[in-house]
Undergrad: 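Mind having a look at this structure? Questions to follow.
Letters A, B, ... are given to chains in the order of the sequence lines, protein chains preceding strands, and every chain is numbered from 1.
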Amino acid sequence: MKAAITVFPGTNRERDMADALERASGTRPTMVWHGERDLSGYDLIVVPGGFSYGDYLRCGAMAGNSPILRAVKEQADRGVTVLGVCNGFQILTETGLLPGVLLRNAGLKFICKMTHIRCEKSAAPFTGKLTQGQVSRVAVAHNEGNYYADDETLDMLEGEGRVVFRYCDDRGNVSDATNLNGSQRNIAGIVNKRGNVLGMMPHPENAIDPMAGGTEGLPIFQSLATAILA
Amino acid sequence: MSLPQVDITPEIVAEHGLTSDEYKTVLDILGRAPNITELGIFSVMWSEHCSYKSSRVWLKTLPTEGPQVIQGPGENAGVVDIGDGDAAVFKIESHNHPSFIEPYQGAATGVGGIMRDVFTMGARPIANLNALRFGEPAHAKTRHLVSGVVAGIGGYGNCMGIPTVGGEVNFDKAYNGNILVNAMTVGLARTDKIFYSKASGIGNPVVYVGSKTGRDGIHGATMASAEFSEDSEEKRPTVQVGDPFTEKLLLEACLELMATDAIVSIQDMGAAGLTSSSVEMADKGGVGIELELDKVPMREEGMTPYELMLSESQERMLMVLKPGREAEAKAIFDKWELDFAVVGTVTDTGNLTLKWYGETAGEIPVAPLVDASPMYERPWEPTPSSPVVKSEDVASSLSAGAALKKLMASPDLCSRRWIWEQYDHLIGGETVQTPGAADSAIVRLPGKSKALAVTVDCTPRYCLADPITGGAQAVAEAWRNITATGAKPLAITNNMNFGNPERPRIMGQFVGAVKGMSAAAKTLDFPVVSGNVSLYNETNGEAILPTPVIGGVGLIEDAANSVGLGLTETGLILILIGE
Amino acid sequence: MKANVTVTLKRGVLDPQGKAIGHALEGLGFDGIGEVRQGKLIEVELAETDRAKAEAALDEMCRKLLANTVIEDYRIEIAE
Amino acid sequence: MKANVTVTLKRGVLDPQGKAIGHALEGLGFDGIGEVRQGKLIEVELAETDRAKAEAALDEMCRKLLANTVIEDYRIEIAE
Ligand SMILES: Nc1ncnc2c1ncn2[C@@H]1O[C@H](COP(=O)(O)OP(=O)(O)O)[C@@H](O)[C@H]1O
């Protein structure tokens, strides 16, 4: 698996992401600096978490306008698998690769904790190793993770089965009480129409180690490794 | 661009906080009257903050050595050997006053400052901690201050991508008008790649990197003097706005350059900016430094040498490079979109020489400036001993259950989850014991099985009742919190927060705490490798509780063996040990 | 030329910050506080001296970067 | 009554957001961008109908909550 991780000024979870991908696939991904314009030759492109450009103006806005994002878009259009996590999700919505936006958390505070998400759809390349309804304990760490889209868009996402993860409790119950940031319909992750671009707020890459965070994030990376190696 | 001419009147001298004796020493050192820029430099260097003039005599009595100590107090941070060629680099620092005035930015820039101290030494920060003291929960300002400070600490640390893994919080009315925000950073370096601030190599370039210099933090009172009246009605803010994004770039750029061998020495521009960084670098190396101030990257128009030397703008560093390495260094800083400017050279004059478009804007011999910095043996009174309260003598009408509930709900003991959830404590994927999970946080070294145990501790009410015992207790608690997780305590850093040292009662608290801390650190073989002193924490003559905060660091060879607080299964046996 | 760009949330998009400010104002004892909304003000200095050209450029800046038109409206005002 | 309060950083205070926006605009190919500063816009609806009283109340709101006058300036505009 040849994976690229994009690095912007202010990106800070690129190493966590590289560790997770390496653990699942056995190969170390390549870090690609934001000034690059060509991303051809990779099977997987990951836009990781952090504070690209300080999260100034709007999270993801400046990175979303950078040259490398044009390259990400090109590859996505050609069907290459693209994963955006946290700031990466924000960036992908800013570029229009995914619909909606991520607003400030409803509680107006940064939230860092372990939480649960429910897999709504078991499908390659992102969730092939998860079963539908499977609950995973993963980390969240964000200030703007409040997913918002108008009702029409939300209905379309639901109708097309594009909501991939929702915030839930440890038994998979989805309710207002488990909606930690105010997201519409508890949405934690969505895919594009074609199914090759996934954006999610939680950090599965911080749940790959029995000693720190547990290992319930690992199946996502194993899904990618399997789907892409196959 | 001519130099402003300012008459040095007794009022201006007083506004710069120099006593008449101190000013006489200035005249002796220079053999003439200083100009305004030179006066500003003396004032900054001899301030309590830089010179430790009230505390130095006592700090010298602390134990600072041990086989594990690579660098004790005196550098940007302390350095401790943790085996296999790895070193832990750490320090704690206060940002009390600014955090009271503007809680978010004050706390944020405090965190930024302490991280710079650590990565200046070549260490990548791996953990942040914070020790906070607020007024009573019911006080009108407390809520606002707590939420602003916590958001500010999180805002800076989260953006930098360094996990904030521990801390402590107390509430007491003594802090109503003077909160305490102490931030600690622990970093990781290789023992053979530690960077120091000692300048050397006559003719070597002196380089400025980071953000541009603005008029941040230049003291309002001084600015109001006639010659700076441009907009004197608008009092200069004494609070800086932090830019964690730029600092993250600065961190990466510095570490990238440090991986080469181009740097001779490096010093961050902390509170006293260009002044203290250049003076310290020159003094440590026994050399002179000439600065061409007009080359300093400036954020605003019309800045004067005085302002450039005194600015407290954040996210800046000063370095001495090996000759001919400027282009290579510049390429790295260009890549990270940071300012880079060669602003001077190392000289053999022993002087700090300031140039302004070719003209001399100031010239001060460095050694006398540093050596003559005032040191006071302030009079002090021992704290009268308070009667010991025996538990048998305290009548309680509460049942054990009710007492437990009351304790658990009290502001000083209730859950701190509300705070630590606002801090990214998981980034890096190495936080083996998270906040609340153990007596100290455990952060593993990337790619290794060993980990550091880190904690901050102090119980101010003990220190008020008996500073000696309280000072010792803080050290002992840090030691216990580390050992309780299975780690071996290595060394400490301390943040001495006290009231006005010119009052013998307060000075007595300081002296007592140092004595207690010293005794405990000696007994436990737990030396002090860095620290910070914050005095004059008073409002309207009401001092804060004496608060000598201890930051402790320990080592555990296998993080898998670390122990938390949680009762992990039923049927476990509880054992009480100790007296 | 100096311009002020104000970026505000579209009507109908929830504004938790504005709501929190409203609450806080009530908590401070201010009466009769209705809806409170928070937006951004961006002041831009431009070398451009032609007003129409400046406006066109600013409009493009807003669409490309300064506002996210999925949720935000913007307004451009040329100051001088 | 409706009022717009704008809160801006004082002259001389570092504005990291403004700086980053300026950079980004240049990166997008916009020329002649001078200083960019970012501030806040707060729209408040008030039950008060007396203009002078509203202004006084708003001034107090700014000093107490909406701005920190150590680093920020504020401006009040009554819209209608
Ligand atoms: N300001 C803070 N920042 C981060 N973590 C904190 C802070 N205050 C307390 N904590 C964490 O909360 C937990 C409980 O704190 P405390 O009651 O002081 O514990 P203890 O008395 O066991 O030292 C600890 O894990 C501590 O690190």
Undergrad: Roughly how far, to the nearest 0.5 Å, is the CG atom of D19(A) from the CD atom of E430(B)?
TA: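 If I round to the nearest 0.5 Å, the distance is 7.5 Å.
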Undergrad: Any side-chain to backbone donor/acceptor pair from N12(A) onto N158(B)? Under 3.5 Å, distance only.
TA: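 Yes, because the side chain of N12(A) sits within donor-acceptor range (under 3.5 Å) of the backbone of N158(B).
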Undergrad: Should we say atom CZ of R143(B) is surrounded by more than 12 heavy atoms from elsewhere, each under 6.0 Å from it?
TA: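 No, CZ of R143(B) has 12 or fewer neighbouring heavy atoms, counting only those of other groups under 6.0 Å.
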Undergrad: If I take atom OH from residue Y56(A) and atom SG from residue C159(B), how far apart are they, to the nearest 0.5 angstrom?
TA: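 With rounding to 0.5 Å, OH (Y56(A)) is 5.5 Å from SG (C159(B)).
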Undergrad: With a 6.0 Å cut-off (strictly less than), is the heavy-atom count around NZ of K488(B), excluding the residue itself, greater than 12?
TA: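 Atom NZ in K488(B) is not packed in, count stays at 12 or less.
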Undergrad: Can you tell me how far the NZ atom of K113(A) sits from the CD atom of E421(B), to the nearest 0.5 Å?
TA: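 Going from the NZ atom of K113(A) to the CD atom of E421(B) covers 5.0 Å.
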Undergrad: Between chain B and each of G213(A), A141(A), P9(A), count heavy-atom pairs under 4.5 Å; write down the option with the most.
TA: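 It is P9(A).
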Undergrad: Do R444(B) and D209(A) touch side chain to side chain, with heavy atoms closer than 4.5 Å?
TA: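 In short, these two side chains touch, coming nearer than 4.5 Å.
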Undergrad: Give, as side chain, backbone, both or neither, the part of A560(B) having an atom under 4.5 angstrom from any heavy atom of chain A.
TA: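 Answer is both: backbone and side chain atoms of A560(B) are under 4.5 Å from chain A.
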Undergrad: How close do I427(B) and D16(A) get, counting heavy atoms only, and between which atoms?
TA: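 Looking at all heavy atoms of both residues, the closest pair is C-OD2, 3.7 Å.
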Undergrad: Report which part of L249(B) has an atom under 4.5 Å of a heavy atom belonging to chain A: side chain, backbone, both, or neither.
TA: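 For L249(B), the side chain is the part near chain A, not the backbone.
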Undergrad: Hey, could you give me the CD1/CE distance between I442(B) and M211(A), rounded to the nearest 0.5 Å?
TA: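 Spacing of CD1 (I442(B)) from CE (M211(A)) equals 11.0 Å.
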Undergrad: Which heavy atom of L426(B) sits nearest to which heavy atom of R13(A), and what is that distance?
TA: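 It is C-NH2, 3.9 Å.
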Undergrad: By a 4.5 Å heavy-atom criterion (distance strictly below it), what part of Q433(B) contacts chain A: side chain, backbone, both, or neither?
TA: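 For Q433(B), no heavy atom lies under 4.5 Å from chain A.
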Undergrad: Nearest heavy-atom pair of R15(A) and P446(B): which atoms, and what distance?
TA: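 Nearest pair, atom of R15(A) first, then P446(B): NH1-CB, 3.9 Å.
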Undergrad: Taking all heavy atoms of W418(B) and all of K109(A), pick out the closest pair and write down the distance.
TA: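 Taking W418(B) first and K109(A) second, the nearest heavy atoms are CZ2-CE, 3.3 Å.
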Undergrad: If you look at every heavy atom in G429(B) and A212(A), which pair is closest and at what distance?
TA: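 Shortest heavy-atom separation between G429(B) and A212(A) comes out as O-CB, 3.5 Å.
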Undergrad: Ring-plane angle category for F245(B) and Y53(A), please: parallel below 30°, perpendicular beyond 60°, tilted otherwise.
TA: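 The rings of F245(B) and Y53(A) sit tilted, inter-plane angle from 30° to 60°.
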